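Let me begin by presenting the structure, written as structure tokens, before commenting on it.
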Amino acid sequence: YRDYRAKWNGVSVTNIPSFPIHIDFELKDICNQSCIMCPRNEEKHPDINYNINTKSVLPMRDYQKIIDEGALNGLCSVNLGAFAEPLTQVKCFEMVEYARSRGIIDTRIITNGLLLHRNIEAIFESGLTNLFVSLDAYNSETYFKQRGPGFETIKTSLLEVLEEKKRRGSILPIIRVSIVDMKTNHDEITDFAKYWGPKVDFIDVQVFDDFNVNINSKFDMSTPKKWDCFSPFARLSVMSNGDVLPCCSFFGKNI
């Protein structure tokens, strides 16, 4: 694990690994929520200029082929929660288990948690390393404004996962909850941290990125940028339709 993290720290434009250290997978191009900050909410973000919510599914055989190739070439980490809601793919934890069986060190799922209650046993039996749950609110009223219905279901399910982890005496999965800092929920961040802080492994307060912009003008490649992103030299993203991107952002298809 230390060697794997050292690879991340060593990546640069002049030190590019021969194979990605990490791969982000979109398992299914769909989500069961409609969050106001997400480009999948087409009403809030009409300027997304590529097809989205197509319901395309990454075939298991293609996923396994990539994992097998990665296992032979130094792939260390996979994220099965990229771009969409991974738990809508019923084989999600089977995919986690397959990656673990092929020696992938780090496995990650980023989920809205609506379907956690169906997968509590699978979370632990699959060998999942990281479970990241996006909440974005402290109370149900704010959650509804941010994401839609389901807050109490998610909260109850997550508490059950935490209790099961305690019952098993397990270190894994590492459990994170996150909140995107916006005007609608900014006043709840302190209460959010106080409530979840003693329960989970860590909390992520995320910066809001407004997707409701003209994407093509935002990514005018003729304009020098003020910062550099090392991700294209360390990772790739594989979409459910088979597209491979050098970028883990929702804007990746435009680059």
Side-chain angles (χ1 to χ4, degrees), residues 22 24-48 50 52-53 79-88 108-116 130-159 161-162 173-215 218-219 227 229 231 235 237 245 247-255:
H22 171 91
D24 294 282
F25 288 95
E26 179 189 68
L27 302 185
K28 188 175 182 179
D29 183 18
I30 194 171
C31 188
N32 50 0
Q33 277 289 27
S34 189
C35 307
I36 61 173
M37 75 292 287
C38 179
R40 287 190 176 277
N41 186 325
E42 296 171 284
E43 180 181 346
K44 296 287 186 182
H45 305 283
D47 293 323
I48 300 299
Y50 53 83
I52 202 165
N53 298 321
N79 169 25
L80 305 187
F83 308 102
E85 172 50 46
L87 300 191
T88 60
R108 182 186 316 155
I109 284 177
I110 305 173
T111 175
N112 59 35
L114 277 173
L115 300 176
L116 273 180
N130 294 283
L131 176 65
F132 294 171
V133 183
S134 304
L135 290 176
D136 296 315
Y138 173 66
N139 64 57
S140 58
E141 293 80 11
T142 305
Y143 184 90
F144 187 83
K145 294 176 185 177
Q146 294 282 115
R147 290 181 158 262
F151 178 78
E152 293 301 331
T153 297
I154 298 162
K155 181 178 178 181
T156 299
S157 300
L158 181 53
L159 291 173
V161 171
L162 290 164
I174 300 297
I175 298 177
R176 180 195 83 177
V177 294
S178 63
I179 182 169
V180 177
D181 186 359
M182 300 179 68
K183 291 180 180 179
T184 45
N185 63 2
H186 179 77
D187 292 341
E188 295 187 7
I189 291 176
T190 299
D191 288 335
F192 182 91
K194 286 181 178 178
Y195 180 81
W196 289 108
K199 297 176 174 63
V200 300
D201 295 296
F202 65 106
I203 294 170
D204 189 16
V205 179
Q206 300 173 341
V207 177
F208 173 60
D209 189 356
D210 187 1
F211 288 99
N212 201 24
V213 296
N214 185 306
I215 300 172
K218 183 173 182 177
F219 285 96
W227 57 275
C229 179
S231 285
R235 67 202 288 179
S237 297
L245 315 179
C247 179
C248 57
S249 164
F250 268 104
F251 293 134
K253 289 184 178 181
N254 296 81
I255 300 178

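Because the structure is predicted, anything quoted here is derived from the model rather than measured. Throughout, numbering of the chain's residues begins at 1 and tracks the sequence.
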Would you please test Ile52 and Glu42 for side chain to side chain contact (heavy atoms under 4.5 Å, CB included) and show each step?
-> CA-CA 9 Å; Ile52 202 165; Glu42 296 171 284; 3.5 Å; yes

Parallel, tilted or perpendicular, as decided by the 30° and 60° cut-offs, for the rings of Phe132 and Phe202 | perpendicular

Nearest non-hydrogen partners of Cys248 and Ser231, listed with the distance | SG-OG, 4.3 Å

Between the side chain of Asn53 and the main-chain N/O of Arg40, is any donor-acceptor distance below 3.5 Å?
-> yes

Closest heavy-atom pair and its distance - Leu114, Gly150 = CD2-CA, 3.9 Å

Cation-pi between Lys199 and Tyr195: NZ/CZ under 6.0 Å from ring centre and within 45° of the ring axis?
-> yes

Side chain Asn41, main chain Ser34, donor-acceptor under 3.5 Å | yes

Roughly how far apart are Thr153 OG1 and Leu116 CG, rounded to 0.5 Å?
-> 10.5 Å

Measuring from Phe25:CZ to Ile109:CD1, what's the distance to the nearest 0.5 Å?
-> 12.5 Å

So CG of Asp204 and CG of Leu135: to nearest 0.5 Å the spacing works out to 11.5 Å

Whether Asp29 side chain and Ala84 backbone form a donor-acceptor pair below 3.5 Å = no

What's the shortest heavy-atom distance between Leu87 and Leu115, and which atoms?
-> O-CD1, 3.3 Å

Between Ile175 and Leu158, the two heavy atoms sitting closest are CG2-CD1, 4.1 Å

Sequence neighbours left out, what pairs pass salt bridge (Lys or Arg N to Asp or Glu O under 4.0 Å) with at least one residue falling in residues 139-153?
-> Asp136-Arg147

For Pro173 and Asp201, the nearest pair of non-hydrogen atoms, with its separation, is O-OD2, 3.9 Å

Interatomic spacing from CG in Asp24 to SG in Cys247 - rounded to 0.5 Å = 9.5 Å

Only pairs at least two apart or in different chains count here, so list each salt bridge (Lys or Arg N to Asp or Glu O under 4.0 Å) that has a residue in residues 179-198.
-> none

Which heavy atom in Ser178 sits nearest to a heavy atom in Ser134, and how many Å separate them?
-> OG-CA, 3.4 Å

Determine whether Val177 and Phe192 make a side-chain contact, defined as any pair of heavy atoms from C-beta on separated by less than 4.5 Å.
-> yes

Would a distance-only check, ignoring hydrogens and angles, find a side-chain to backbone donor-acceptor pair under 3.5 Å from Glu85 to Asn112?
-> yes

CZ-CD1 distance between Arg108 and Ile174, expressed to the nearest 0.5 angstrom = 12.0 Å

Quick one: are Lys28 and Pro86 in side-chain contact, heavy atoms under 4.5 Å?
-> no

Kindly write out the residues that satisfy side-chain contact (heavy atoms from CB on, under 4.5 Å) with Thr184, not counting sequence neighbours, or none if the list is empty.
-> Ile36, Gln146, Met182

Interatomic distance, CD1@Ile154 vs CG@Leu159, rounded to 0.5 Å, equals 12.0 Å

